[in-house]
Number of protein chains: 2
Amino acid sequence: MVVDQSTETGIDRIFQALADATRRDIVSRVITASHSVTSLAEHYDMSFAAVQKHVQVLERALLVTKERRGREQLVRGRIDTIGRAAALLQAYEQIWAQRALRIDKILVEDTHKEKS
Amino acid sequence: MVVDQSTETGIDRIFQALADATRRDIVSRVITASHSVTSLAEHYDMSFAAVQKHVQVLERALLVTKERRGREQLVRGRIDTIGRAAALLQAYEQIWAQRALRIDKILVEDTHKEKS
DNA sequence: CTGATCTACAACCATTTGGTTGTACTTTAC
DNA sequence: GTAAAGTACAACCAAATGGTTGTAGATCAG
């Protein structure tokens, strides 16, 4: 299933989905093993429907997938999408690192000028 | 999962701030060099006040800082906060990688059982 | 078959978000 | 000193978010 998620709105959805502690906790649970929505809901002080909505947000952001097993719906994490978000932030760090290098170079050049 | 409330809300703010294409673009601009709010606003098809609000959201998330220079307010990126977000996502990847290792180990053990 | 379990989804509500316009305060330029 | 530039902030609005309750469809257990 190739989903075009390299769009800006795809990234919007990823970060928006991760901007909630409950949803991040759900991700951390389903990244190691599948869990039914009901078993996930047991951990939070809110209605089942609320947790169901959180899962829906994660699904829309492609951070989890659901797979039916009988009457249960098993939720599991999608590492590829998390990797995409991580890569984006690392790209920012890379840009910053290059700026830092550039500044270092300027400083070194200044030092040379002073010495000359 | 034991969570530090103040840290969690900090992470909420970081991801929420990054969940908007305009704000991500602002971050990518101010990460290499400082820019005044007005000069940032020139790039977007919205009012100055709207851009000012976006900068405010980024500031609250500690993704940028503002420094006054005369009548201008210079906005610059804070790499440490971006690094925090990147580290969190990398931690998820790490957890996932460990699960993958664990599964490999189980498969190997199963193979041994079959062989015995 | 019947009842319990698991999920889906609609309707509703309060709050937040992302935008607008308008006003006012500093600082700079002439 | 006056005008322009840069910013701050309030008031307002539509839409999205995060929660609720209620209803209904499948599926499983006895």
Side-chain angles (χ1 to χ4, degrees), chain A residues 7-30 33-77, chain B residues 3 5-6 8-30 33-77:
Chain A
T7 62
E8 290 293 292
T9 58
I11 298 171
D12 284 2
R13 288 200 188 108
I14 294 171
F15 285 127
Q16 208 274 327
L18 290 172
D20 181 282
T22 301
R23 286 196 291 263
R24 286 195 302 275
D25 192 72
I26 291 174
V27 167
S28 73
R29 288 179 190 278
V30 301
S34 297
H35 294 275
S36 72
V37 184
T38 297
S39 69
L40 285 172
E42 285 167 2
H43 298 98
Y44 312 105
D45 186 27
M46 64 184 76
S47 69
F48 167 79
V51 175
Q52 205 178 16
K53 277 194 183 182
H54 281 308
V55 171
Q56 214 172 349
V57 170
L58 290 170
E59 204 182 0
R60 219 173 78 101
L62 305 184
L63 282 164
V64 306
T65 49
K66 285 194 297 189
E67 188 184 349
R68 210 167 242 305
R69 194 186 60 182
R71 63 182 160 184
E72 290 181 325
Q73 195 84 264
L74 295 186
V75 183
R76 87 163 63 214
Chain B
V3 288
Q5 182 60 32
S6 61
E8 286 296 295
T9 58
I11 296 171
D12 283 3
R13 290 202 186 105
I14 294 170
F15 284 127
Q16 209 274 325
L18 292 173
D20 181 282
T22 301
R23 286 195 291 263
R24 286 194 302 276
D25 193 71
I26 291 174
V27 167
S28 73
R29 287 178 192 278
V30 301
S34 297
H35 293 275
S36 72
V37 184
T38 296
S39 69
L40 286 172
E42 285 168 4
H43 298 97
Y44 311 106
D45 186 25
M46 64 184 75
S47 68
F48 168 80
V51 175
Q52 204 179 17
K53 277 193 183 183
H54 281 308
V55 171
Q56 215 172 348
V57 170
L58 290 170
E59 203 182 1
R60 219 173 76 102
L62 305 183
L63 282 163
V64 306
T65 49
K66 284 195 296 189
E67 188 186 347
R68 214 169 238 303
R69 194 187 58 182
R71 64 183 158 184
E72 290 182 324
Q73 195 83 265
L74 294 186
V75 183
R76 85 164 64 217

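Lettering follows sequence order; numbering is per chain, from 1. Note that these values count all heavy atoms, side chains included, but never hydrogens, waters or copies made by symmetry.
Taking 4.0 Å as the cut-off between side-chain N and carboxylate O, A:Arg29 and A:Asp25 count as a salt-bridged pair.
Put simply, CG on A:Asp12 is 10 Å from P on D:dT17, counting in whole angstrom units. Atoms CG (B:Asp20) and C1' (C:dT17) sit 10 Å apart, rounded to a whole Å. The CD atom of A:Glu42 sits 10 Å away from the P atom of C:dT7 (whole-angstrom rounding). Between the CZ atom of A:Arg24 and the P atom of D:dG18 there is a distance of 12 Å, rounded to whole Å. Put simply, CZ on B:Arg13 is 19 Å from P on D:dT17, counting in whole angstrom units.
Contact check, A:Gln52 against C:dA8: a side-chain N or O comes under 4.0 Å of OP1 or OP2. Checking the phosphate oxygens (OP1, OP2) of D:dT17, no side-chain nitrogen or oxygen of A:His54 falls inside 4.0 Å. Remark: B:Ser47 is not in phosphate contact with C:dG19, judged by side-chain N or O atoms under 4.0 Å from OP1 or OP2. Between B:Thr38 and D:dT7, a side-chain N or O to OP1/OP2 separation shorter than 4.0 Å is present.
B:Glu8 places no side-chain N or O within donor-acceptor distance of the main-chain N or O of A:Ala21, the cut-off being under 3.5 Å. Using modelled atom types, no side-chain atom of A:Arg13 and backbone atom of A:Phe15 make a donor-acceptor pair closer than 3.5 Å.
Contact annotation for B:Ser36: backbone-only contact, meaning every heavy-atom pair under 4.0 Å involves sugar-phosphate atoms and none involves a base.
Considering only the side chain of A:Ala49, D:dT21 comes nearest among C:dG18, D:dG18, D:dT21.
If you check the side chains of A:Thr9 and A:Thr7, you find a donor sitting under 3.5 Å from an acceptor.
Around atom CZ of A:Arg69, no more than 12 heavy atoms belonging to other residues, nucleotides or ligands sit under 6.0 Å away.
Here the side chains of A:Lys66 and A:Arg76 are not in contact, with every heavy-atom distance at 4.5 Å or above.
Taking a 4.0 Å limit (strictly below) on heavy-atom distances, residues 55-74 of chain B reaches DNA chain C at B:Gly70, B:Arg71.
Nearest-nucleotide mapping onto DNA chain D: of B:Lys53 and B:Phe48, the residue sitting toward the 5' end is B:Phe48.
Considering every non-hydrogen atom in both A:Val51 and A:Val37, the closest pair reads CG1-O, 4.4 Å.
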